[in-house]
2 protein chains.
Amino acid sequence: MATQPPSAETDDDTEVKQRNADVCNVVGAIEEMGAKWKLIVLNDLRDGEKRFNELKRSTGASSYTLSRVLDDLEEQRFIENRKEFESPVASYYTLTEKGGTLCPVFDAIDEWGEDWLE
Amino acid sequence: MATQPPSAETDDDTEVKQRNADVCNVVGAIEEMGAKWKLIVLNDLRDGEKRFNELKRSTGASSYTLSRVLDDLEEQRFIENRKEFESPVASYYTLTEKGGTLCPVFDAIDEWGEDWLE
DNA sequence: CGGCATCCTTGGAGATACTG
DNA sequence: CAGTATCTCCAAGGATGCCG
């Protein structure tokens, strides 16, 4: 995480934190992961490496949907794919470092869910 | 999900949803807020009370969409509505306590966005 | 096993116009 | 100002089938 130089604090009014829809990080981030399937898959991969059908079962996504989501996520560098071309083909997916940085987000969501779900 | 069309179908897919929910309540939370517009509106309301057209401008949602999202969020007790029936009608929306508990989530997203968004 | 191609259904959401 | 009522369009996503 690129931490800002702590001492060189510009006098930019922190109050003008520009929460405008166009500029806001939250909106940007939401657009970036957007789809619910992406979040579900990413969250699933926090457990570690998983293969295609494993994700298919755990997420409940159809192979078509899952395939497209995985493509997207890989293109966004959230996940990485490793293939083994042995007897039955095996395809493993893991979070990249970038993907891993989403953990705090999921943790926050998780915590919230514990308090307010069910 | 908030609007439930009268489906006479038996909910056979409850099994799937349950499996997802079992994995982690992250999925549950995602389903709960699901739509991107909900998140955008909720995030916007962190600034404090806002009125309809204000939200319309800041979020960029159409009045139709915004209206439905607000209805949903109110039904879910994420937000509250206060009306003033004076000269020109005024309608104010604020986060409830429940809505406020989402702040850590948005903070996490915000922080992530700062690091990884362009 | 891990997908891609195809068809098809659904609803999310914009545009527009109207009301209290 | 704060919505509601329609109409419409398009992408998300399920189901199915095929293939290396």
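Every chain is numbered from 1 and lettered A, B, ... according to where its sequence line falls, protein lines coming before strand lines.
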Determine the contact category for Phe85(A): base if any of its heavy atoms lies under 4.0 Å from a base atom, sugar-phosphate if only primed atoms, P, OP1 or OP2 are that close, otherwise nothing.
-> nothing
Once you round it to whole Å, what is the distance between P of dA2(D) and CD of Glu74(B)?
-> 14 Å
Just to confirm, is there a sub-4.0 Å distance from OP1 or OP2 of dG13(D) to any side-chain nitrogen or oxygen of Ser62(A)?
-> no
Provide, to the nearest angstrom, the distance between the NZ atom belonging to Lys56(A) and the P atom belonging to dC4(C).
-> 13 Å
Is Trp37(A) near enough to dA12(D) that one of its side-chain N or O atoms lies under 4.0 angstrom from OP1 or OP2?
-> no
Write down the distance between CG (Leu66(A)) and P (dG14(D)), rounded to a whole number of angstrom.
-> 10 Å
Select one nucleotide: of dG3(C), dC1(D), dC1(C), the one nearest the side-chain heavy atoms of Pro88(B).
-> dC1(D)
Are OP1 or OP2 of dG3(D) and a side-chain N or O of Ser91(B) less than 4.0 angstrom apart?
-> yes
Could you give all pairs that pass the ring-ring contact (aromatic ring centres under 6.0 Å, His included) test and reach residues 38-69 of chain A, with sequence neighbours left out?
-> none
Is the side chain of Lys50(B) donor-acceptor paired with the backbone N or O of Val41(B) at a distance under 3.5 Å, no angle test?
-> no
Anything under 3.5 Å between a protein N or O and an N or O of nucleotides 5-10 of chain D, put it in a table, one pair a line.
none

Without hydrogens or angle criteria, can the side chains of Thr65(A) and Trp37(A) be said to hold a donor-acceptor pair below 3.5 Å?
-> no
Side chain to side chain contact (heavy atoms under 4.5 Å, CB included) partner of Trp112(B), the single match among Asn25(A), Thr101(A), Val26(A) = Thr101(A)
Between Phe52(B) and Ala61(A), whichever has its closest DNA chain D nucleotide further toward 5' is Phe52(B)
Are the side chain of Glu32(B) and the backbone N or O of Leu117(A) linked by a donor-acceptor pair below 3.5 Å?
-> no
Is the shortest side-chain N/O distance from Lys83(B) to OP1 or OP2 of dG3(D) below 4.0 Å?
-> yes
Would you kindly give the CG-to-P distance between Asp71(B) and dG3(D), to the nearest whole Å?
-> 8 Å
To the nearest angstrom, the CG-P distance between Asp72(B) and dA13(C) comes to 11 Å
Length of the NZ-P vector between Lys38(A) and dG13(D), whole Å = 10 Å
Within the pair Tyr93(A) and dG3(C), is there a side-chain N or O less than 4.0 Å away from OP1 or OP2?
-> yes
Just compare dG14(C), dA2(D), dG3(C) and give me whichever is closest to any side-chain atom of Thr65(B).
-> dG14(C)
Under 4.0 Å between a side-chain N/O of Arg51(A) and OP1 or OP2 of dC1(C), yes or no?
-> no
Separation of atom OH in Tyr92(B) from atom P in dG3(D), rounded to whole Å | 12 Å
Whole Å only: how far is the CZ atom of Arg68(A) from the P atom of dG13(D)?
-> 8 Å
Going by atom type alone, with no hydrogens or angles, which donor-acceptor pairs under 3.5 Å involve a side-chain atom of residues 78-85 of chain B and a protein atom two or more places apart or on another chain?
residue	atom	partner	partner atom	Å
Asn81(B)	ND2	Ser91(B)	OG	2.9
Asn81(B)	ND2	Tyr92(B)	O	3.2
Arg82(B)	NE	Glu49(B)	OE2	3.2
Arg82(B)	NH1	Glu84(B)	OE2	2.9
Arg82(B)	NH2	Glu49(B)	OE1	3.0
Arg82(B)	NH2	Glu49(B)	OE2	2.8

Measure the shortest side-chain to side-chain distance between Leu45(A) and Leu55(A) over non-hydrogen atoms and say whether it is less than 4.5 angstrom.
-> yes
Where do Thr59(B) and Asp44(B) land on the side-chain hydrogen bond (donor to acceptor under 3.5 Å, both in side chains) test, with the steps shown first?
-> CA-CA 7 Å; Thr59(B) 64; Asp44(B) 245 56; 5.9 Å; no
